[in-house]
Amino acid sequence: MKLLVRNLAKATTEEKLLSLFKEHGNIQSCNLVLDKETGASKGFAFVEMPKVGEAKAAIKQLNGYKLAGNIIRVKKAEVKKESEETLAIEAVKVKPKQKKATESAEQKSTMVDPAAVWGEVKEE
């Protein structure tokens with residue numbers, strides 16, 4: 001089960017999180033989210049625990065726990081879903097307007113003569 005750990009102090013390290021969560025069971029992964037530009041912590045992390053029972057126990061014991069001066073919040077991480085708005089935008093990708101081109105000799109040669117397809121139309 002993947003857990004979201006929020007309200008972490010900037011000084012909190014992955015090692016500190018690992019040692020804290022290992023007290024409650026096996027840890028599959030621990031990922032402290034860092035700012036790409038500065039490398040500083042963004043104040044939250046994801047901890048993955050393979051056993052659901054251990055993960056639930058960790059949530060119960062650590063949600064509201066004071067770590068490095070901050071009261072952390074721990075809950076089950078939700079699967080990130082694309083918003084309906086994003087999906088709608090993807091479905092209706094608008095192509096840029098193309099300039100009307102005059103028929104070139106190449107375009108004319110690919111045009112089909114209706115008379116050749118439908119035959120001559122005779123008025124009666």
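Taking CD1 of Ile72 as the start and CG of Leu17 as the end, the distance is 7.0 Å to the nearest 0.5 Å. Note that the NZ atom of Lys56 and the CE atom of Met1 stand 5.5 Å from one another [nearest 0.5 Å]. In this structure, the separation between CG on Leu3 and NE2 on His24 is 11.0 Å, given to the nearest 0.5 Å.
Between the side chain of Glu14 and the main chain of Leu32, a donor-acceptor pair closer than 3.5 Å is present. Under a 3.5 Å cut-off, the side chain of Asn31 and the backbone N or O of Ala45 do not form any donor-acceptor pair. Not a single donor-acceptor pair under 3.5 Å links the side chain of Asn7 to the backbone N or O of Arg73. The closest donor-acceptor contact from the side chain of Asp35 to the backbone of Ala40 lies at 3.5 Å or more, if one exists at all.
The nearest pair of heavy atoms linking Cys30 to Leu18 is CB-CD2, 3.6 Å. Shortest non-hydrogen contact noted between Ala9 and Ser41 is O-OG, 4.4 Å.
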Inset, instruction - Start with the C-alpha distance between Leu8 and Leu67, add both sets of side-chain angles, then the distance that settles side-chain contact (heavy atoms from CB on, under 4.5 Å), and finish with yes or no. - result: CA-CA 7 Å; Leu8 294 171; Leu67 177 66; 4.1 Å; yes

Inset, instruction - Apply the test side-chain contact (heavy atoms from CB on, under 4.5 Å) to residues Gln28 and Lys2: give CA-CA distance (whole Å), side-chain angles for both, the deciding distance (0.1 Å), then the verdict. - result: CA-CA 9 Å; Gln28 189 171 337; Lys2 195 169 193 174; over 6 Å; no

Legend entry - Worked check of side-chain contact (heavy atoms from CB on, under 4.5 Å) between Val5 and Thr12: CA-CA 11 Å; Val5 185; Thr12 303; over 6 Å; no

Legend entry - Worked verdict on Leu4 versus Phe44 for side-chain contact (heavy atoms from CB on, under 4.5 Å): CA-CA 7 Å; Leu4 172 63; Phe44 67 98; 4.0 Å; yes

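Tyr65 and Ile59 fall within the same hydrophobic cluster, defined by Ile, Leu, Val, Met, Phe, Trp and Tyr side-chain heavy atoms under 4.5 Å apart, directly or through other members. Hydrophobic clustering (side-chain heavy atoms under 4.5 Å, transitive across Ile, Leu, Val, Met, Phe, Trp, Tyr) groups Leu34 together with Val47. Two different hydrophobic clusters hold Phe46 and Val52 under the rule that ILVMFWY side chains link at heavy-atom gaps under 4.5 Å.
In this structure, the side chains of Glu54 and Met49 come closer than 4.5 Å at one or more pairs of heavy atoms.
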